[in-house]
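The block underneath contains the structure these notes are about, expressed in structure tokens.
All chains are named by letter (A, B, ...) in the order of the sequence lines, taking the proteins before the strands, and each is independently numbered beginning at 1.
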Number of protein chains: 2
Amino acid sequence: MAKQRASVKDVAQRAGVSVGTVSNVLNRPETVTERTRQRVETAMADLNFMRNASARQLRAGVSTTVGAILTDLGNPFYTEIARGIEDRLAVDGHALMVCSTDEDPQREARFVRQFAEQGVRGILVTPMVSTPDRLRELATFGIPSVLIDSRSDTHASVGGDHVGGGRLALEHLLAQGHRHIVFLNADKHLQQSRHRLRGAVEAITAAGLDPGTVLQVVNLSQPTASEGEQALIKLLEGPEPRPTALFCINDIVALGVIRGLRTRGLRIPQDVAVVGYDDLYWASELMTPLTSVRQPMRQIGWAAADLLLRDPLGATHTVFPPELIVRKSSDYQRPAD
Amino acid sequence: MAKQRASVKDVAQRAGVSVGTVSNVLNRPETVTERTRQRVETAMADLNFMRNASARQLRAGVSTTVGAILTDLGNPFYTEIARGIEDRLAVDGHALMVCSTDEDPQREARFVRQFAEQGVRGILVTPMVSTPDRLRELATFGIPSVLIDSRSDTHASVGGDHVGGGRLALEHLLAQGHRHIVFLNADKHLQQSRHRLRGAVEAITAAGLDPGTVLQVVNLSQPTASEGEQALIKLLEGPEPRPTALFCINDIVALGVIRGLRTRGLRIPQDVAVVGYDDLYWASELMTPLTSVRQPMRQIGWAAADLLLRDPLGATHTVFPPELIVRKSSDYQRPAD
DNA sequence: TCGCAAGGCTGGATCGTTTCACGACTAGAC
DNA sequence: GTCTAGTCGTGAAACGATCCAGCCTTGCGA
């Protein structure tokens, strides 16, 4: 049953040539006579020859697979990025290996090592704080990497402008008359979180207001719908006056928040306005259509893969501008106090 | 700059042992003295030794990566499956390669070949009609495969019960008094489509009604929101009386349908009821919360990977039962004509 | 003291491909 | 007929790890 796969040797034998010639047909067809090439190709077809990628890579040293280390493949934000990466890789036949870290540095370290052992052509990663250190060493071994959605001085990167995104969101909320806003943020160590916060603060300052009184930051342990809902409940039950607007680190958190507000009979946007981030495809179809900061995820993935394949060493930083999509969840002009 | 990676030979040299011993430390540590093992391990740490997976696989013949060929990584249904697969593979340190076929047989063939050349440990695939044929040959080379969400006599498979799902949906709609139902189906060649249709017909027949008059089937070229909306528009503009209920092949199509109905001022569920499939996480938060047939996607992915790693040859078929989640989009008892 | 067994380690063959120095052959010029 | 310049094709070395037959050492019993 377990028939053996044909090797170049078998092909050579059947075509009556040497293995070197078979290899030439495969890699430098122009150096081989038409006639011999035909013979070899027929033999390959007859035997259903398949190259052994391991042997190939061992000898030639070049790999045709790229590794992507994402935060969570289950999250549509990262999935869209993955799809963009995949599309770019498919252009020149590269394969994609993926894994989810769930923001666990240990897991990340394991995956980095695993990819290195596989000898991948390069690594794309949505990084944590400690990631660049882990990747630097690989670079000395000739394995390049590109950071996605976060930047560092030592690595090339592709991502959105999070400072700008945070600014857009806050400018909008301030213009609507909000003066007590809560930012449901992710881990404060994540660069995206810090940048969006910075943008938010910038917008408040630019409006001549005091960030300390206008903006309250809550850091979620996980940027999920249920964590968002939990955080909301805590806010509502707390002693402080109810915020009039919530800026959520992503649409999924916003989803939980909307659910929570609805359950408690609070009107969106009249009682509380909500703004999300990422503008996932369902944002416009929610019970309360969601205002959100759009990022071109698929393009980001595409660009990252493109950069990795073309020019991974130049520490280029590609930034895609965010776009605010205003929908009903924040479309309400608040009367001045 | 491009420092060379340390090989077993380097490690052996530094530890003052032979390469065979290094290999033993790696693969059969119990056959090596404690002292030598220590020495070798120190040397490995000093040199930051990383196994070369290609060489390893070439010689030992075992691979530690699994390939998954999915219909569309951008679609949350498949993404959840991917996440389930990934979680199972992580248990024993296997890596995952993914790709999206977009239902293009050519692409699928290319990916199958690519995975075969990589010498993957096995292949998981959400198949098309022609897929099993493509995979059969690989099996003779010792590369097993498991079908996801669709079954065949020649392969192991894991998936939902689509006949049952179709039946559930239709039983529900019939019970609500609907007698003119349209099924917005995917490609009629897809097994899921055929099975769900069969279940739907069974339910109608069991209710003593005539499927031919109760159910109209529309096949979408792609199961996307915009295609769903297009199809809806065509239905509404057509000469036939307006259906009172729409059964959609998945929640994304339902999303488009809901958007289309709303745009045209039709009330859901009073004018038209909508039922989706998959129960994606946002289904409950839509403008009109969506009734949907739930499938445990993550579990399905997990089980498929588990089957592949444990017992890929037994042509087992694991089936997960569907569950109907009734929400507002179909929660309306229609008065009898 | 010798023999023997078992444990520990060695060194070379091997996996399938690529690469490269070199040999064989062809054709054209003299 | 010889020489030259190419053109094609050959065959062996190399990539890095694994595996195995066998050598060397050690310790124990006689």
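- Counted by atom type alone, B/Thr71 and B/Thr126 present one or more donor-acceptor pairs between their side chains at under 3.5 Å.
- Each end of the helix from C/dT1-D/dA30 to C/dC30-D/dG1 yields a helix axis from five base pairs, and these two axes differ in direction by 60° (to the nearest 10 degrees).
- Side chains of A/Arg136 and A/Thr140: a donor-acceptor N/O pair is absent below 3.5 angstrom, by distance only.
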Intermediate values then yes/no, salt bridge (charged side-chain N to carboxylate O under 4.0 Å, His left out), B/Asp10 and B/Arg14: CA-CA 6 Å; B/Asp10 302 319; B/Arg14 177 172 249 264; over 6 Å; no
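- Proximity of residues 29-45 of chain A to DNA chain D (heavy atom under 4.0 angstrom from any strand atom) is restricted to A/Val32, A/Thr33, A/Thr36.
- You'll find the side chain of A/Gln57 stays beyond 4.5 Å of the side chain of A/Val62, heavy atoms only.
- Only one option out of B/Ile148, B/Leu135, B/Val146 pairs with B/Val125 in a side chain to side chain contact (heavy atoms under 4.5 Å, CB included); it is B/Leu135.
- The side-chain hydrogen bond (donor to acceptor under 3.5 Å, both in side chains) search around A/His162 returns A/Asp149, A/Arg196, not counting sequence neighbours.
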May I have the list of side-chain donor-acceptor pairs in residues 112-122 of chain B shorter than 3.5 Å, sequence neighbours left out?
unit_1	atom_1	unit_2	atom_2	d
B/Arg113	NE	B/Glu117	OE2	3.4
B/Arg113	NH2	A/Phe49	O	2.8
B/Gln114	NE2	A/Gly93	O	2.8
B/Arg121	NH1	B/His94	NE2	3.0
B/Arg121	NH2	B/Leu309	O	3.1

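- Between chain A and DNA chain D, the heavy-atom contact criterion of under 4.0 Å yields a 5' to 3' nucleotide range of D/dC8 to D/dG16.
- For the residue pair B/Thr79/B/Arg83, the side-chain donor-acceptor check at 3.5 Å is not satisfied.
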Base-contact (B) and sugar-phosphate-only (S) positions in nucleotides 15-24 of chain C, heavy-atom cut-off under 4.0 Å, - elsewhere: BBBBB-----
